[in-house]
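A, B, ... follow the sequence lines: proteins, then strands. Residue 1 opens every chain.
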2 protein chains.
Amino acid sequence: MSDETERRLTIDDVAKVAGVSRSTVSLVLRNSGLVAERTKIAVREAAERLGYVYNRTAAIRARHSYLVGIIIPDLTNPFYSELTAGVDQVLNDSGWISLLGNSWESSASQEKILRRMHEQNVDAVIICPVTAADQSAAENLARSGLRVLQVLRRTEADTSYLGIDYAHGVALAVDHLSELGHTDIVLLGGERVYSAATERYEGYISSMRSHGLEPRHVPCALRRSAAAEKVRELFDKEERRPTALVCFNDVVAIGAMASLERMGLKVGRDVSVVGFDNVADAEFVQPPLTTIDTHARQLGERAATLVLDSIRNGSPMSATTIMETSLVVRDSTGKAPLRS
Amino acid sequence: MSDETERRLTIDDVAKVAGVSRSTVSLVLRNSGLVAERTKIAVREAAERLGYVYNRTAAIRARHSYLVGIIIPDLTNPFYSELTAGVDQVLNDSGWISLLGNSWESSASQEKILRRMHEQNVDAVIICPVTAADQSAAENLARSGLRVLQVLRRTEADTSYLGIDYAHGVALAVDHLSELGHTDIVLLGGERVYSAATERYEGYISSMRSHGLEPRHVPCALRRSAAAEKVRELFDKEERRPTALVCFNDVVAIGAMASLERMGLKVGRDVSVVGFDNVADAEFVQPPLTTIDTHARQLGERAATLVLDSIRNGSPMSATTIMETSLVVRDSTGKAPLRS
DNA sequence: CTGAAAGCGCTTACAG
DNA sequence: CTGAAAGCGCTTACAG
């Protein structure tokens with residue numbers, strides 16, 4: 001049928017075959033109400049028969065690019081892959097497609113990705129900004145003229161924000177442990193200073209205070225291995241061993257649990273551990289992890305929905321949306337051991 | 001500085017300020033060697049000062065779109081998120097950007113994504129095709145004129161392929177268990193028929209035979225919960241309990257282990273479990289999981305590299321590339337228990 | 001080395 | 001309802 005010369009078919013080819021003008025084909029392809037039903041059918045048939053593929057790239061005068069960027073710091077963290085899957089799902093269902101950017105917490109690569117997405121003319125970008133975001137990065141974000149929704153972390157940049165009530169989530173964890181009789185409850189994780197960390201921290205401090213307990217924060221990097229090591233140090237010396245750990249997220253909790261088991265401490269009996277996120281594995285580690293569910297998938301879906309509504313209506317997004325968390329009790333938490 | 005009327009700046013604006021022609025600006029932006037150094041500097045300064053952002057979308061005559069699609073069946077599986085992170089990394093480093101598509105194993109949505117990526121004029125697509133891929137989907141893939149690289153799964157579609165030596169990987173697992181004295185070794189997982197499943201299956205069968213052992217395959221869906229349930233059924237009755245499980249992947253293994261522990265069986269002593277992939281959590285579950293490392297990240301990097309080389313040189317990709325796996329021994333495997 | 005002109009494959013008024 | 005013309009913001013020969 002077609003020659004070797006791989007020329008991509010154009011709207012004009014379709015027009016010729018269908019016996020209409022280029023404008024009419026264009027209208028049909030975008031499903032305009034202006035065109036007669038018969039004409040539509042003829043055009044669609046011609047396009048189908050020829051194997052024509054619409055070239056959105058050439059539609060530079062169109063209102064939308066149907067591209068939305070999603071920038072996250074670490075796709076490898078199950079929380080973020082879940083979030084990304086949620087975003088992608090909703091975008092796809094609506095005819096949009098996601099441009100992915102994994103920044104690895106590097107503000108340099110975040111900047112690069114952001115610019116490239118801008119160049120590709122994205123209709124919006126959903127971004128969980130890197131913790132090290134310098135002022136200028138934040139400024140650029142707001143000034144760019146891009147429609148941007150920050151998620152999970154809130155920087156100086158004056159854009160819309162979709163977040164989680166971290167403070168309340170941590171309070172749920174502390175309340176749960178306090179009810180079980182724990183008094184030495186350590187907050188594990190979070191070295192850097194950024195909103196998602198300080199909100200957790202403040203939630204922890206104030207809920208410890210409200211129970212009349214003395215807070216203790218042990219900062220650590222958000223990797224399984226770093227958490228494992230920190231916990232080893234923490235329990236190495238006999239004195240001041242906490243009886244419970246509130247972890248920054250499930251990844252930290254899983255690292256911590258592995259370390260405790262290796263030291264011969266039984267999680268859920270000798271030491272209680274609470275995670276944060278309710279990642280897919282949380283239910284299947286040993287013992288199953290008590291955690292604060294942050295509903296990653298729904299969060300992603302929500303982010304995409306907010307952004308799409310705004311794109312389609314040309315309306316601004318609501319400035320701030322906060323989602324609630326919930327406590328999921330499993331076996332990694334139990335009654336506080338008796339004081340020895 | 002700029003008015004309210006959010007008109008995006010064009011190359012002409014830059015040209016005017018820099019005092020050169022539009023063509024010259026275009027050449028500078030693409031870093032052509034044709035332009036004098038002084039001119040380049042002047043143009044770049046003007047662009048910078050104005051805050052001009054290149055509009056790649058309008059460059060419809062350019063050779064590349066700088067977009068590469070990556071389509072996977074489940075971003076939520078840590079293996080795929082690792083793979084995707086690898087792809088994204090390499091693409092970003094080279095100035096490309098990834099268009100993400102999560103098909104959720106649905107061939108309908110795979111088709112939609114593929115078409116949308118084609119419409120967006122991607123330079124290539126890296127795809128792990130859905131298992132249910134019908135003939136027509138595969139045909140389309142090959143005929144589309146798109147540059148496509150299939151990864152992990154090989155369909156009828158006649159495109160380049162980057163895969164893993166699954167058969168050998170499974171054989172490594174069986175050899176390991178056989179050396180530990182196991183004879184009742186079950187292959188757990190893989191219901192559907194597609195290359196990555198049959199290759200594992202064949203590797204299992206032939207290596208069991210070579211050890212003079214009787215193979216037994218227990219199909220099950222590739223989710224933690226499904227695996228947990230299948231294992232419960234399998235160990236429910238006293239007779240014919242296997243002493244070792246070779247799992248389709250780590251997700252299955254983690255589900256299986258959770259179930260065994262719940263039944264009071266000690267993994268690594270009563271039952272040995274081998275996973276597949278060496279996912280990040282494998283090292284941190286209890287007990288740490290013996291598994292076959294499929295090097296997901298490197299695989300993704302390799303896929304991106306193959307595709308980029310082909311894009312840049314306009315050369316075809318090598319038809320088939322197969323990567324090797326390696327055995328990682330941890331505590332989930334141990335000597336076969338004595339026959340009771 | 002640089003610019004004027006034509007072109008890419010669409011969309012958008014506008015006329016009928 | 002449909003088509004001819006102009007336009008989008010770039011790139012690409014081509015001339016000098």
Q. Is there side-chain contact between B/Ile11 and B/Leu29, with heavy atoms separated by less than 4.5 Å?
A.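 With C-beta onward as the side chain, the pair touches.
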
Q) Is the closest side-chain donor-acceptor distance between A/Ser26 and A/Arg22 under 3.5 Å? A)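 Side chains of A/Ser26 and A/Arg22: no pair found under 3.5 Å.
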
Q) Does the side chain of A/Asn313 pick up a donor-acceptor pair with the side chain of A/Asp309 at under 3.5 Å? A)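 No, no side-chain donor-acceptor contact under 3.5 Å.
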
Q: Give a yes or no answer on whether the side chain of A/Gln150 reaches the backbone of A/Pro129 with a donor-acceptor pair at less than 3.5 Å.
A: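 No.
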
Q: Please confirm whether the backbone N or O of A/Tyr66 pairs with a side-chain atom of A/Asp123, one donor and one acceptor, at under 3.5 Å?
A: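 Yes, the answer is positive, given that a donor and an acceptor are paired below the 3.5 Å cut-off.
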
In whole Å, what is the span from the [atom1] atom of [X] to the [atom2] atom of [N]?
| X | N | atom1 | atom2 | answer |
| --- | --- | --- | --- | --- |
| A/Leu34 | C/dA15 | CG | P | 16 Å |
| B/Glu119 | C/dG9 | CD | P | 16 Å |
| B/Ile11 | D/dC8 | CD1 | P | 14 Å |
| A/Ile41 | D/dT2 | CD1 | P | 12 Å |
| A/Arg56 | C/dC10 | CZ | P | 11 Å |
| B/Tyr54 | D/dC10 | OH | P | 8 Å |
| A/Arg38 | D/dC1 | CZ | C1' | 12 Å |

Can you tell which of [options] lies closest to the side chain of [X]?
| X | options | value |
| --- | --- | --- |
| B/Thr24 | D/dT2, C/dG3, D/dC8 | C/dG3 |
| A/Arg61 | C/dT2, C/dT11, D/dG3 | C/dT11 |
| A/Ser23 | C/dC10, D/dG3, C/dT2 | D/dG3 |
| B/Val35 | C/dT11, D/dC1, C/dT2 | C/dT2 |
| B/Arg22 | D/dG9, D/dT11, D/dA4 | D/dT11 |
| A/Thr10 | C/dT12, D/dT2, C/dC10 | C/dC10 |
| A/Ile60 | D/dG9, D/dA5, C/dC10 | D/dG9 |

Q: Please state whether the phosphate of D/dG9, meaning OP1 or OP2, lies under 4.0 angstrom from any side-chain nitrogen or oxygen of B/Tyr52.
A: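 False: B/Tyr52 side-chain N/O out of range (4.0 Å or more) of D/dG9 OP1/OP2.
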
Q: Return the nucleotide paired to D/dA13: Watson-Crick means purine N1 to pyrimidine N3 with N6-O4 or O6-N4, wobble means G-U with N1-O2 and O6-N3, both under 3.5 Å.
A: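 Partner of D/dA13: none.
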
Q) Across all strands, who's sitting opposite C/dA4 as a Watson-Crick or G-U wobble pair, both distances under 3.5 Å? A)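 Paired with C/dA4, as far as the under-3.5 Å criterion goes, is no nucleotide at all.
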
(Q) What's B/Thr57 touching, base or sugar-phosphate or nothing? Going by heavy atoms closer than 4.0 Å. (A)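 No contact at all - B/Thr57 keeps every heavy atom at 4.0 Å or more from the nucleic acid.
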
Q.
Considering every strand and a 4.0 Å limit on heavy-atom distances, what is the contact class for A/Arg30: base, sugar-phosphate, or nothing?
A.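 Result for A/Arg30 = base.
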
